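Since the model is a prediction, treat every value here as computed from it, not as a measurement.
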Amino acid sequence: MPGQKIATIFFPSNKDGHLTTRIRNLGEDLWREIESRGLGDVGGLKTVDKAIDTLVVRAENAQLVGQVKKRIENLLKVHLLHKLAAVTYK
């Protein structure tokens, strides 16, 4: 995510909703790890609780981009969603 402050995490295989709870659990952990620590923004818990197939994470500033990217990658692995997610940075 060098230089890019926005990460979009998309789960294309969640067409039938079978991953929705796991995606929201990931979002809550992203909120704890990123937003509540002042590293960036995930839209708040209300946004996370409405997520179906997409989570958007914004780094607070360019200096925090690497930390945010690392936390996203680690949490995707913890939630066993790393192979099911398409992550883009801009």
Item checked: Any residue meeting salt bridge (charged side-chain N to carboxylate O under 4.0 Å, His left out) with Arg24, in chain and number order, not counting sequence neighbours ->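 Once residues adjacent in sequence are excluded, Arg24 has no partner under the salt bridge (charged side-chain N to carboxylate O under 4.0 Å, His left out) criterion.
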Notebook entry, point to check: Which pair of heavy atoms, one from Ala51 and one from Ile23, lies closest together, and at what distance?
Noted result: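 Smallest heavy-atom distance, with atoms named: CB-CG2, 4.4 Å.
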Margin query: Quick check: closest heavy atoms across Ala85 and Phe11, and the distance to 0.1 Å?
Written below: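 Reported closest heavy-atom pair: CB-CE2, 3.5 Å.
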Min side-chain heavy-atom separation [X]-[Y] under 4.5 Å:
{"X": "Arg22", "Y": "Leu80", "result": "yes"}
{"X": "Phe10", "Y": "Asp53", "result": "yes"}
{"X": "His82", "Y": "Lys77", "result": "yes"}
{"X": "Val57", "Y": "Ile6", "result": "no"}

Got a second to check how far [X]'s [atom1] is from [Y]'s [atom2], nearest 0.5 Å?
{"X": "Leu30", "Y": "Arg71", "atom1": "CG", "atom2": "CZ", "value": "10.5 Å"}
{"X": "Glu28", "Y": "His79", "atom1": "CD", "atom2": "NE2", "value": "9.0 Å"}
{"X": "Leu26", "Y": "Leu55", "atom1": "CG", "atom2": "CG", "value": "5.5 Å"}
{"X": "Thr47", "Y": "Leu45", "atom1": "OG1", "atom2": "CG", "value": "9.0 Å"}
{"X": "Thr8", "Y": "Lys90", "atom1": "OG1", "atom2": "NZ", "value": "5.5 Å"}
{"X": "Asn74", "Y": "Glu33", "atom1": "CG", "atom2": "CD", "value": "8.5 Å"}

Please check: side-chain N/O of [X] versus main-chain N/O of [Y], any donor-acceptor pairing under 3.5 Å?
{"X": "Glu35", "Y": "Val42", "value": "yes"}
{"X": "Arg32", "Y": "Gly27", "value": "no"}
{"X": "Asp29", "Y": "Leu75", "value": "no"}
{"X": "Asn61", "Y": "Leu64", "value": "yes"}

